Number of protein chains: 2
Amino acid sequence: MLRNQTNYTESDRTLRKQTQRNRRKSASKRYKLLLTCVVCNGDAHGYNFDAISCESCKAFFRRNALRPPGKLKCCGNGNCNISFDQRKRCKKCRLDKCLQTGMRKEWILTDKEKQEKRIKIEQNRRLKQIHDNDNEHQQQITRRSKTDSELSTDFQNVSSSIICQTLLTEIDWSRIKRLQHAYAEAVKLNQTAGISQYPLIQPIYSTLELFRVPLYISSMRLITFFKQIPEFQQLDKDEQVYFVKLNTLTIVFLHSIFIYDYQNEIYHEPNTNDPLYLEIDWMNTINKEFHYEMKQIQMNFINLKQFDDNIMKIFFLITLFSNYFTFQYSTININTLNVFKTQNIYNELLYKYCLHHYGFNKTSLLLLQYTTNIMKIQKLITKFKSTAHNYMDITQLTPVMQSLL
Amino acid sequence: MLRNQTNYTESDRTLRKQTQRNRRKSASKRYKLLLTCVVCNGDAHGYNFDAISCESCKAFFRRNALRPPGKLKCCGNGNCNISFDQRKRCKKCRLDKCLQTGMRKEWILTDKEKQEKRIKIEQNRRLKQIHDNDNEHQQQITRRSKTDSELSTDFQNVSSSIICQTLLTEIDWSRIKRLQHAYAEAVKLNQTAGISQYPLIQPIYSTLELFRVPLYISSMRLITFFKQIPEFQQLDKDEQVYFVKLNTLTIVFLHSIFIYDYQNEIYHEPNTNDPLYLEIDWMNTINKEFHYEMKQIQMNFINLKQFDDNIMKIFFLITLFSNYFTFQYSTININTLNVFKTQNIYNELLYKYCLHHYGFNKTSLLLLQYTTNIMKIQKLITKFKSTAHNYMDITQLTPVMQSLL
DNA sequence: GTAGGTTCACTCAGTTCA
DNA sequence: TGAACTGAGTGAACCTAC
Ligand SMILES: [Zn+2]
Ligand SMILES: [Zn+2]
Ligand SMILES: [Zn+2]
Ligand SMILES: [Zn+2]
């Protein structure tokens, strides 16, 4: 009976692991060059895709099994002999025989799995390199607190679906949609110059690079995002500039937490072809304490069960319109009341949104946590701005970027 | 010392391994000039068509082996000597010797296989090119959903045979035949200016080109098709123009789904010498969302087991006679009842046709699916028309084409 | 050590052009 | 016609997580 292509699922994967483990236990020593490929009778080293097969059939199967059927054709009558020296003659029959003899296409990794694997390898390589080159005080940041396992998946999977309902009025609803749209537009309008078909891992070797590449893109996107917000447009030009200068960098780092992929320990704006940035690389920029504290804040965010991208986007705006230097920098005449009102629009929106989604009890705690952590970032950034010149040659940045520091 | 391909038995493994290793090793080292052509004794590089042969015999064999036998004649007595410097003397004997010494004509690719290979190369080239120079928004459309396995072959093979029987009256039958004929005529009357003997792959680099070349041809053909339909002829001139303007573009895209070759990922009107258009190229026109949604619809169609070109053609007409803007565009005085009747003729025809071919149970579901998806296209096109100017300079199109937007 | 993927030199189809 | 060339596919050798 030919295999009837089933959609494989999680359980398949578990099964694979199981099978492999059992096999290891039972057949321990004996085979090495003593096996015969069940497909072509060539020499086999062991199991490949759940059948004892040779290297060539392994590669053949990997390359062809997932191709849509029907592409391969048999020139004979569909039962060509597949032997060691004739295996190349008929692909169709070779593939059929592979399947017949029990090779499983479900065990071929998907593109996504391959990508993940690649990331993991790259990460380890980098890690090793760091260890090798600079084994000075490498005071490792706690690279993983293994405790909070599945919280992270929440973070990944939270869908941002808004169900129009009681609390949120039509206007609120459209406002949120506009935020989503504005953000998506902002991302689209500021593309990186990536080349590869799958996102590449781009190393970062210095603070300057950090600010010239990933943070620069983020900044541009955020500013584009702001510019699309009506309430922002209604501010004076001066006020616009003031708030962007004052708060963008904070938001950039808030944003970086937002795009951090906890699973793979990389920074990557989802649904883009942006390069991937390894956390390890970021860690080696600026200084250790900065990232240590940032990591704490990041963890706090990730531990929030309700990590929601709409909340994040609203917070971007609330942060943008915050003026914590009310007294210090009175160089510019800010219409405080107006800004306050604007900020309040989004505070209210956020509050209603949270009430709707998370209920009364959770909401206040949730907002408190968000706010607290954002204020921590603000503080950290304020401190950083005053010492930024210690970590890079600021004149090497674009003027826009300089103005954000 | 010629390679005599004996079948090795199980126990011969060692020998086989030896042989294989030898062949590989020797082949790799003394790659050049150590082999001898079994046909003409010239220098050979390796196997060609399953016999060790030189470049010239390889080319000779490819060019001549598939020619009808008897065309070549020997001027001697059929056993001319074929040697390095005499090989050109007698084609007949050279070909005979090729066959004798084991060259296989089955291994010469057929025209179809060659075409497929060409497509594959072109596709890769295009893919590479895209990644090289235009690395903006490269967000890959899910290029293949591996789920739908053999459905696709159905799509290819559905024959359009109509068996005259109970349900379909003589008139229905002739109507369908007329549709088929009208369509074939329309295709014939609007030929592309292709010259080559096999269809060429024609690249498309912009939305403008898309509309100037493949979609233009499709439009012309469809309009020619409509013009041959009696019910269409009976409409007022104004009404004709109205419906053509209103619906042709929708039908053009419906048609594009119809001519999409799932196996090769190309667009090509079957049985013509039209150029081939790569799906990859289409994907880079207009915008991503448009093609993404169109792809979904395409998949829905391909997943219909009953993908039948008669149904398609009837639906072209039903779509043509649909007036979904009844209220909005009342600029022209449409005899709604008349049009409705006309559309109904084809609705009934379609219904009977489906009943006949697919039975009662399937029919309603089938028609529902078709209709739903066509309405999706309609919607997509309506949206597109309002923004078409963003994607190309419309004035560059022919007037007819402009009027369809 | 096993069994996934990756790499790259190599083979053999077709294609080009003097 | 055939020498030179192109590119998809093959498989041995290799890399790495588990
Ligand atoms: Zn094998
Ligand atoms: Zn076969
Ligand atoms: Zn020869
Ligand atoms: Zn002769």
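Just so we're on the same page: letters track the sequence lines, and every chain starts at 1. The figures here come from the full heavy-atom set of this structure, side chains too, leaving out hydrogens, waters and symmetry mates. These numbers come from a predicted model, not from an experiment.
- Taking atom CG of A:Leu109 as the reference point, atom P of C:dT2 lies 19 Å away to the nearest angstrom.
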Please table the atom pairs, donor to acceptor, closer than 3.5 Å between any side-chain atom in residues 56-76 of chain B and protein atoms at least two apart or in another chain.
from	atom 1	to	atom 2	distance (Å)
B:Ser56	OG	B:Arg87	NH1	3.1
B:Ser56	OG	B:Arg87	NH2	3.4
B:Ser56	OG	B:Arg94	NH2	3.4
B:Asn64	OD1	B:Arg67	NH2	3.1
B:Asn64	ND2	B:Phe60	O	2.8

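- For the pair A:Glu116 CD and C:dG4 P, the interatomic distance rounds to 17 Å; values are reported in whole Å.
- Scored by the salt bridge (Lys or Arg N to Asp or Glu O under 4.0 Å) test, A:Lys91 finds no partners at all (sequence neighbours excluded).
- A donor and an acceptor atom sit less than 3.5 Å apart, one in the side chain of A:Arg63 and one in the base of D:dG11.
- Rounded to an integer number of Å, the gap from CZ of B:Phe60 to P of D:dA3 is 14 Å.
- Classification of the A:Tyr260-A:Tyr267 ring pair by plane angle, with boundaries at 30° and 60°, yields tilted.
- Using a 4.0 Å heavy-atom criterion, one finds that A:Lys117 contacts the bases of the nucleic acid, with or without backbone contacts as well.
- Listed nucleotides D:dG9, D:dC14, D:dG11 differ in distance to A:Arg67; the shortest reach to its side chain belongs to D:dG9.
- Taking atom CD1 of B:Ile121 as the reference point, atom C1' of C:dT16 lies 13 Å away to the nearest angstrom.
- Each of B:Glu122 and A:Arg94 has a nearest nucleotide on DNA chain D; the 5'-most of these lies closest to B:Glu122.
- If you check every strand for non-hydrogen atoms under 4.0 Å, A:Lys120 touches sugar and phosphate atoms only.
- In this model, the phosphate group of C:dG14 is approached by a side-chain N or O of B:Arg62 to a distance below 4.0 Å at OP1 or OP2.
- A 4.5 Å side-chain heavy-atom check between A:Val39 and A:Ile82 finds at least one atom pair inside the cut-off.
- Separating the CZ atom of B:Phe49 from the P atom of C:dG14 is a distance of 4 Å, rounded to the nearest angstrom.
- Distance A:Phe61 CZ to C:dG5 C1': 15 Å, rounded to the nearest Å.
- Contacts of B:Lys88 with the nucleic acid, taken as non-hydrogen atoms under 4.0 Å apart, involve only primed sugar atoms and P, OP1 or OP2.
- No more than 12 heavy atoms of other residues, nucleotides or ligands shown are found within 6.0 angstrom of CG on B:Asn271.
- D:dT1 atom P lies 16 Å from atom CG of B:Asp85, rounded to whole Å.
- Per the geometry, CD belonging to B:Glu55 stands 11 Å off P belonging to C:dC12, to the nearest Å.
- Distances shorter than 4.0 Å separate none of the side-chain N or O atoms of B:Asn124 from OP1 or OP2 on D:dG7.
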